[in-house]
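First comes the structure, then the notes that go with it.
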Amino acid sequence: QVQLMESGGGLVQAGGSLRVSCAASGNIYRINVMGWYRQAPGKQRELVAVIGSGGSTNSADSVKDRFTISRDNAKNTVYLQMSSLKPEDTAVYYCYAEVVSGRPLSHYDYWGQGTQVTVSS
């Protein structure tokens with residue numbers, strides 16, 4: 001079993017910055033992809049940004065110039081640095097990881113519990 005522990009959400013004014021982190025622990029052989037999704041009230045969960053084990057990234061157009069995703073493979077941790085935050089960034093942010101584990105080795109998708117990010121205008 002793998003656990004994802006998120007931290008760093010909170011309340012920030014528009015134009016401000018915030019960093020969220022997510023650490024994976026448990027039965028991990030390798031983590032291929034880590035990243036962040038978000039879900040605003042009344043909306044579907046959407047991709048924010050993901051990063052591969054080699055550092056390649058993919059992010060939503062709405063955050064490309066404002067959010068930066070990074071990861072520390074040694075710590076199984078992914079970070080999302082958010083800058084120039086807007087009220088429309090308000091959502092619950094969920095950590096995601098594609099983990100290789102078990103015997104035989106298999107791929108599993110894991111999600112964190114979510115952390116609230118609220119941007120006030």
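Quantities reported herein were computed from a predicted structural model and do not represent experimental measurements. Quick note: numbers below take in every heavy atom, side chains included, and nothing from hydrogens, waters or symmetry partners.
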So which atom in [X] and which in [Y] form the shortest heavy-atom distance, rounded to 0.1 Å?
X	Y	result
K64	S59	NZ-O, 3.1 Å
L80	A49	CD1-CB, 4.3 Å
G9	V20	N-CG1, 3.8 Å
I31	A97	CG2-CB, 4.2 Å
S121	P87	CB-CG, 3.8 Å

Given 3.5 Å as the limit, does a donor-acceptor pair link the side chain of [X] with the main chain of [Y], or not?
X	Y	result
N73	S53	yes
K75	A23	no
R71	N76	no
E98	D109	no
T90	V119	yes
E6	Q113	yes

Quick one: pull up [atom1] in [X] and [atom2] in [Y] and give me the separation to the nearest 0.5 Å.
X	Y	atom1	atom2	result
L4	Y94	CG	OH	13.0 Å
W36	I51	CH2	CD1	12.5 Å
T68	Q81	OG1	CD	7.0 Å
Y37	C95	OH	SG	11.0 Å
M82	I69	CE	CD1	11.0 Å
F67	L18	CZ	CG	9.0 Å

Legend entry - Non-neighbouring partners of R38 that pass side-chain hydrogen bond (donor to acceptor under 3.5 Å, both in side chains), sequence neighbours left out: E46, D89, Y93

Inset, instruction - Using the test side-chain hydrogen bond (donor to acceptor under 3.5 Å, both in side chains), find all partners of D61 that sit at least two apart in sequence or belong to another chain. - result: none

Can you confirm whether [X] sits close enough to [Y] that some side-chain heavy atom of one is under 4.5 Å from a side-chain heavy atom of the other?
X	Y	result
V100	Y108	no
W111	R45	yes
Y96	V33	yes
V78	C22	yes

Inset, instruction - Report whether V50 and V99 are members of the same hydrophobic cluster (ILVMFWY, side-chain heavy atoms less than 4.5 Å apart, transitive linking). - result: no

Legend entry - Residues Q116 and T118: side-chain donor-acceptor under 3.5 angstrom: yes

Legend entry - side chain to side chain contact (heavy atoms under 4.5 Å, CB included) evaluation trace for V117 with V92: CA-CA 6 Å; V117 172; V92 177; over 6 Å; no

Inset, instruction - Only one of Q1, Q3, M5 passes side chain to side chain contact (heavy atoms under 4.5 Å, CB included) with S25; say which it is. - result: Q3

